[in-house]
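Let me begin by presenting the structure, written as structure tokens, before commenting on it.
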Amino acid sequence: VSSSDVLIVGCGPVGAVLAALLGRRGVTVTVVERELDVFPLPRAAHIDHMGLRALQEIGCLDHLLPDMRPNQGLDFVTAGGDLLVRIPGDQRSISGLPASMYFHQPGFDRAIREAAAALPSVTIQTGTDFCSLTQDADGVAVVVASDGAERTLRASWVVGCDGARSSVRTALGTEMEDLHFSEPWLVLDLVLEPSAPALSEGAIHTCDPSRPVMAIPMPGRRYRFEVMLLPGEDPEIMTDLDVVESILSTWLPPGSAQIERRAVYEFQGLVAAEWRSGRVLIAGDAAHQMPPMLGQGMCSGIRDATNLAWKLDHVIRGRASDSLLDTYTVERRPHVRGIVQAAVDFGRLVCTLDPAEAAARDERMLHATTPPTERWPFRLPLLEPGPLVLEGGGNLFIQPEVGAGQRRLDDIVGGRFLVLAQSARGFGTSAPWWREHVGALVTTIDELPDPSGAVRRWLERKRVACVIVRPDRYLLAATDNLDAVTETVRPVLSVPTRTAQP
Ligand SMILES: Cc1cc2nc3c(=O)[nH]c(=O)nc-3n(C[C@H](O)[C@H](O)[C@H](O)COP(=O)(O)OP(=O)(O)OC[C@H]3O[C@@H](n4cnc5c(N)ncnc54)[C@H](O)[C@@H]3O)c2cc1C
């Protein structure tokens with residue numbers, strides 16, 4: 001029976017990113033994927049700077065970025081086109097990367113899958129269906145099927161990245177918390193002909209009670225319309241070509257676009273109660289689903305992967321006990337729940353079908369004194385305080401360009417912790433533990449060339465001697481007392497030494 005450290009079920013974007021993050025750390029990974037190739041049509045279209053930062057870590061960013069399209073901002077407008085709310089998209093991001101971009105998913109999925117497959121410790125088995133799993137004290141036996149034949153694979157850990165209908169989640173036996181949003185939408189992916197009239201360069205969600213519509217510019221000549229189905233409308237009839245063409249005729253004359261896809265999706269808000277049971281975990285759509293109004297479903301799944309990858313690595317290397325993996329649900333679940341709730345709230349804003357309610361909403365919002373960007377701001381949540389989020393922690397650390405070759409900071413740090421101090425005094429007596437036990441990059445600002453001065457200015461502004469940045473780029477702490485922080489996190493980041501039995 002072949003065996004690996006981690007078996008990932010599902011090679012969608014989340015499974016592929018997780019495989020690449022683990023593979024780069026030398027963890028042996030087997031990915032089983034039911035389909036033979038990447039899904040040929042886009043679902044996700046938008047990626048935020050944290051997602052881009054994960055692509056940077058797996059070596060895909062500079063290849064994928066030139067084909068992406070900057071997000072100029074997302075407008076929520078009335079039926080008459082008046083601006084209710086704007087979520088800016090082109091602001092500077094803390095990650096030193098564009099805040100928000102649109103991409104074409106098939107090429108994106110292929111690039112990350114290839115990046116994972118190129119790593120010597122990663123094997124991707126396509127055309128292979130997950131059937132069942134059994135846990136024992138040493139690992140997990142996973143039955144898979146390919147070409148009609150079943151076989152068993154073994155792994156120390158299994159991660160279900162097998163999407164909304166996850167069989168791994170079913171095997172885990174967890175409940176889904178329902179945030180009570182369930183609306184059917186028709187998704188139309190188009191390739192515009194050169195003759196097509198100019199459409200909006202920015203995304204527009206039209207909160208028209210007679211038919212809510214979202215218009216999303218994608219890279220190149222691609223464009224997406226998402227159209228809400230009204231009560232009683234039959235998905236089968238609504239995906240009929242004649243019906244679709246008649247809907248599209250509102251914006252595009254006949255013949256000015258090829259329709260690549262017409263499909264109805266039920267937009268929902270769901271979060272799994274438990275993300276881990278023993279040696280089995282879930283990530284991505286297997287753990288949460290949200291309406292796509294904020295373009296955060298896949299982005300959240302990628303954050304699951306960045307959170308989980310370093311923790312699995314530490315446990316597998318024997319640097320931490322498996323209780324470290326309990327912090328995965330503790331950190332990720334409230335974070336993603338906040339985003340699902342925000343997506344549901346924006347979903348309700350868009351999906352108001354009662355004309356009187358919509359008119360009252362428009363009246364109220366249009367007469368608000370706050371500007372549209374502040375009326376209903378959406379910001380990514382911080383990580384809540386917890387075992388690995390202490391004083392000054394919970395936000396992302398900045399990523400300036402540092403070093404003689406103007407490399408990005410994350411590229412210098414790699415997949416490690418970063419312990420960075422204004423001067424060696426800031427380390428107290430803890431530097432050896434971080435360096436030798438945790439495998440951190442422990443450095444002072446002077447040792448880390450910082451030509452723009454951004455890191456020094458950051459530390460001075462926060463008035464702290466030292467920061468600890470986790471491998472997922474979140475701050476663990478910003479502190480004047482590294483020794484105290486070290487004592488607090490030592491039990492979580494180490495394997496307890498057994499006291500000898502008498
Ligand atoms: C219309 C629409 C628009 C969206 N827009 C955005 C957006 O702009 N930005 C954003 O961030 N998100 C967006 N999303 C959400 C995003 O598409 C999902 O969150 C994302 O695809 C989830 O990735 P995943 O890897 O978790 O799951 P999936 O992409 O569903 O991948 C799961 C994989 O597991 C495989 N699999 C399933 N079962 C098995 C099995 N038993 N054995 C083996 N393999 C299996 C599947 O074949 C698949 O390849 C959108 C979604 C929709 C529907």
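One-based numbering, in listed order, for ligands and for the atoms of each. Positions are given from 1, in the same order as the sequence printed here.
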field: Per-residue contact class, Cys299 against ligand 1 - non-hydrogen pairs under 4.0 Å
entry: both
- request: Determine, step by step, whether Glu274 and Thr329 satisfy the side chain to side chain donor-acceptor pair (under 3.5 Å) criterion, reporting the C-alpha distance in whole Å, the side-chain angles of both residues, the deciding distance to 0.1 Å, and the verdict.
  value: CA-CA 7 Å; Glu274 296 298 332; Thr329 317; 5.2 Å; no
message: Just to be sure I read this right, does ligand 1 sit under 4.0 Å from the backbone of Val32, its side chain, both, or neither, counting only heavy atoms?
response: backbone
message: Does only the side chain of Phe130 get under 4.0 Å from ligand 1, or the backbone, or both, or neither? Count heavy atoms.
response: both
task: Look only at interatomic distance and state if Gly295 has a nitrogen or oxygen under 3.5 Å from any nitrogen or oxygen of ligand 1.
output: yes
statement: Tightest non-hydrogen contact, residues Arg25 and Ala309, listed as NH1-CB, 4.1 Å
Nearest non-hydrogen protein atom, atom 19 (O) of ligand 1: Asp285 OD1, 2.6 Å
- request: Run down the list Ala44, Gly12, Gly163 and name the one with the heavy atom closest to atom 27 (O) of ligand 1.
  value: Gly163
statement: Between the NE2 atom in His180 and the CZ atom in Arg348, the distance rounded to the nearest 0.5 Å is 8.5 Å
message: Among all protein heavy atoms in this structure, tell me which lies nearest to atom 40 (C) of ligand 1, with the distance rounded to 0.1 Å.
response: Asp129 OD1, 3.3 Å
query: For Asp48, is the nearest heavy atom under 4.0 Å from an atom of ligand 1?
result: no
query: Are any of the N/O atoms in Ala283 less than 3.5 Å from those in ligand 1?
result: no
message: Which label fits Trp251 and Phe225: parallel for a plane angle under 30°, tilted from 30 to 60°, or perpendicular past 60°?
response: parallel
- line: of all protein heavy atoms, closest to atom 23 (O) of ligand 1 is Pro13 CG, 3.6 Å
statement: Any heavy atom of Cys161 under 4.0 Å from ligand 1? The part involved is backbone
- request: Taking Asp304 for its side chain and Gly284 for its backbone only, find out whether a donor-acceptor pair lies under 3.5 Å.
  value: yes
message: Please give me the minimum heavy-atom distance between Val243 and Ile237, naming the atom from each residue.
response: CG2-O, 3.3 Å
query: Do Ser156 and Asp5 have a side chain donor and acceptor closer than 3.5 Å?
result: no
- prompt: Is there a side-chain contact between Met298 and Phe108 (heavy atoms, below 4.5 Å)?
  reply: yes
task: Using a strict 4.0 Å threshold on nitrogen-to-oxygen distance, state whether Glu57 and Arg416 make a salt bridge.
output: no
message: Quick one about Ser146 and Arg151 (side-chain donor to acceptor, distance below 3.5 Å, no hydrogens or angles considered), yes or no?
response: yes
- line: Restricting to heavy atoms, the pick from Arg113, His46, Glu33 nearest atom 35 (C) of ligand 1 would be Glu33
task: Mark the output for Arg224 as yes if a heavy-atom distance to ligand 1 is under 4.0 Å, and as no if none is.
output: yes
- prompt: Can you name the nearest heavy-atom pair linking Met68 to Pro219, along with the distance?
  reply: CA-CG, 4.4 Å
- prompt: Would Ala45 count as a contact of ligand 1 if the rule is a heavy atom under 4.0 Å away?
  reply: yes
- prompt: Any nitrogen or oxygen of Val14, main chain or side chain, under 3.5 Å from a nitrogen or oxygen of ligand 1?
  reply: yes
- request: Mind checking whether Ile47 contacts ligand 1 via backbone (N, CA, C, O), side chain (CB onward), both or neither, at a 4.0 Å heavy-atom cut-off?
  value: neither
message: Is the contact between Val187 and ligand 1 made by the side chain, the backbone, both, or neither, using heavy atoms and a 4.0 Å cut-off?
response: side chain
statement: When distances are taken from atom 36 (N) of ligand 1, the protein heavy atom at minimum range is Asp162 CB, 3.9 Å
task: Tell me, yes or no, whether the heavy-atom count around Glu260 atom CD, taken from other residues, nucleotides or ligands under 6.0 Å, exceeds 12.
output: yes
statement: In terms of its nearest heavy atom to atom 51 (C) of ligand 1, the top option of Arg43, Glu35, Met214 is Arg43
field: Arg221 side chain vs Glu193 backbone, donor-acceptor pair below 3.5 Å
entry: yes
- prompt: Which residue owns the protein heavy atom closest to atom 12 (N) of ligand 1, what's the atom, and how far is it?
  reply: Met298 N, 3.0 Å
- request: Do me a favour and list the nearest non-hydrogen protein atom to atom 34 (O) of ligand 1 with residue, atom name and distance?
  value: Gly10 CA, 3.3 Å
statement: For Gly284, the ligand 1 atoms with a heavy-atom partner under 4.0 Å come out as 26 (O)
task: Step through the shown structure and confirm whether more than 12 heavy atoms of other residues, nucleotides or ligands are within 6.0 Å of CZ on Arg86.
output: no
- prompt: For atom 43 (C) of ligand 1, which candidate among Arg34, Gln296, Gln125 provides the closest heavy atom?
  reply: Arg34
